[in-house]
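Remarks on the structure that follows.
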Amino acid sequence: MKPNQDSRYWIGVVSASHVNVAVEGGFAQLCHGKSALLRQMSAGDWLIYYSPRTDISTGQPLQAFTAIGQITDDRIYQYQMSESFIPFRRDLRYLPCREVKIATLLDQLSFTRGNRNWGFPFRKGHFEIGAEDFMMIASSMLENETLSLLDISLSQKC
């Protein structure tokens, strides 16, 4: 697989239960619905969700990559979830994938390799990664058929 040089690659940190809602709805929502992080991304960029826990506060530790998708357009919009909570979102096209424990990749990713405190970047809630790290994670998460589709998508200009 060859990454598209125009695309950027991101990690979003979200509990697995919230990732499931996002995948079902075809959207991304980060850091309790703030817009700033979503504005850093562009159409054609890729987002991989990392879930430290199954649920936001009381969930079991998970420490896994749980979803992967591509941003479909430049639209950022608000969605009313309740009277007092109207978070910002972006639309994503998610790929079918399997959950991958980060422990299996710690020695292979540039942002975790050889680092005892590998979890530090995840505390920001969202950060950019390089194409090589993206490809390593995506290769672990995706089936061969989906990986082939990803290869075609990455080699084309978005």
Side-chain angles (χ1 to χ4, degrees), residues 1-57 59 62-100 102 105 109-111 119-143 146-158:
M1 288 190 309
K2 294 179 183 174
N4 182 333
Q5 293 183 321
D6 293 333
S7 293
R8 294 169 71 188
Y9 308 95
W10 304 91
I11 299 286
V13 182
V14 177
S15 71
S17 62
H18 287 179
V19 168
N20 292 338
V21 172
V23 170
E24 287 176 21
F27 65 86
Q29 184 175 306
L30 298 166
C31 293
H32 308 289
K34 294 184 176 83
S35 67
L37 300 179
L38 296 175
R39 293 184 194 288
Q40 292 177 8
M41 300 184 289
S42 301
D45 285 1
W46 289 88
L47 176 67
I48 295 175
Y49 274 126
Y50 171 78
S51 299
R53 302 177 88 58
T54 56
D55 290 302
I56 194 163
S57 27
L62 185 59
Q63 297 183 331
F65 297 107
T66 50
I68 182 170
Q70 188 174 36
I71 298 169
T72 60
D73 58 32
D74 286 318
R75 186 173 71 107
I76 297 168
Y77 57 92
Q78 287 186 285
Y79 179 83
Q80 187 161 2
M81 292 185 70
S82 72
E83 193 171 303
S84 60
F85 185 50
I86 309 172
F88 287 90
R89 294 179 171 181
R90 295 195 77 129
D91 290 334
L92 258 77
R93 177 182 55 89
Y94 287 98
L95 300 177
C97 67
R98 64 182 155 262
E99 185 178 285
V100 173
I102 193 171
L105 297 173
L109 301 172
S110 68
F111 57 94
F120 185 74
F122 295 91
R123 290 180 176 217
K124 296 182 228 173
H126 177 255
F127 61 97
E128 188 170 6
I129 61 173
E132 297 79 20
D133 287 327
F134 171 80
M135 298 307 291
M136 179 65 63
I137 299 166
S139 296
S140 298
M141 295 179 77
L142 301 173
E143 300 291 334
T146 307
L147 208 49
S148 296
L149 292 173
L150 179 62
D151 188 26
I152 292 167
S153 175
L154 291 176
S155 65
Q156 296 174 352
K157 201 169 190 169
C158 294

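Positions are given from 1, in the same order as the sequence printed here.
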Can you check side chain to side chain contact (heavy atoms under 4.5 Å, CB included) on Asp45 and Gln70, steps first, answer last? CA-CA 6 Å; Asp45 285 1; Gln70 188 174 36; over 6 Å; no
In the structure I gave you, are the side-chain heavy atoms of Leu109 and Met136 within less than 4.5 Å of one another anywhere? yes
Pair Tyr77 and Phe88, ring centroids less than 6.0 Å apart: no
Is the backbone N or O of Val100 less than 3.5 Å from a side-chain atom of Ser140, with the two atoms forming a donor-acceptor pair by type? no
Flag side-chain contact, heavy atom, 4.5 Å: Leu30 against Leu38: yes
Residues Arg90, Asp74: salt bridge by 4.0 Å N-O rule: yes
Measuring from Gln78:CD to Ser35:OG, what's the distance to the nearest 0.5 Å? 8.0 Å
Is Arg93 reaching over with its side chain to a backbone N or O of Thr72, donor-acceptor style, under 3.5 angstrom? no
Can you name the nearest heavy-atom pair linking Thr66 to Cys97, along with the distance? O-SG, 3.9 Å
Quick one: pull up CZ in Arg39 and CD1 in Ile76 and give me the separation to the nearest 0.5 Å. 4.5 Å
Please examine the side chains of Leu62 and Glu99, heavy atoms only from C-beta on, and report whether any two atoms are closer than 4.5 Å. yes
Going by the rule ring-ring contact (aromatic ring centres under 6.0 Å, His included), which residues pair with His126 if we only count those two or more places apart in sequence or in a different chain? Trp10
Min side-chain heavy-atom separation Arg8-Glu128 under 4.5 Å: yes
Could you tell me whether the side chain of Phe111 reaches within less than 4.5 Å of the side chain of Asp133, counting heavy atoms only? yes
So how far is it from Gln80 CD to Ile86 CD1, rounded to the nearest 0.5 Å? 4.5 Å
Will you find, in the side chains of Asp55 and Ser17, an N or O donor that is under 3.5 Å from an N or O acceptor? yes
Do Val14 and Tyr50 have side-chain heavy atoms sitting under 4.5 Å apart? no
Tell me, with the steps shown, if Tyr79 and Phe27 meet side chain to side chain contact (heavy atoms under 4.5 Å, CB included). CA-CA 11 Å; Tyr79 179 83; Phe27 65 86; over 6 Å; no
Test of understanding: with side chain to side chain contact (heavy atoms under 4.5 Å, CB included), list the residues that count as partners of Pro87, not counting sequence neighbours. Gln29, Met81, Phe85
Would you check if Phe134 and Ile48 make a side-chain contact, meaning some heavy-atom pair closer than 4.5 Å? yes
Tell me whether Tyr49 contacts the main-chain N or O of Ala64 through its side chain, where contact means a donor paired with an acceptor under 3.5 Å. no
Where do Ile71 and Asp91 land on the side chain to side chain contact (heavy atoms under 4.5 Å, CB included) test, with the steps shown first? CA-CA 6 Å; Ile71 298 169; Asp91 290 334; over 6 Å; no
Provide the closest heavy-atom pair for Ser15 versus Ser51 in the form atom of the first, atom of the second, distance. C-OG, 3.6 Å
Side chains of Ile11 and Ile137 in contact at under 4.5 Å (non-hydrogen atoms): yes
Do Ile68 and Trp46 pass the side chain to side chain contact (heavy atoms under 4.5 Å, CB included) test, and can you show the C-alpha distance, the side-chain angles, and the key distance before you say yes or no? CA-CA 7 Å; Ile68 182 170; Trp46 289 88; 4.3 Å; yes
Using atom types as modelled and distance alone, determine if a side-chain donor or acceptor of Gln63 lies under 3.5 Å from a backbone N or O of Pro52. no
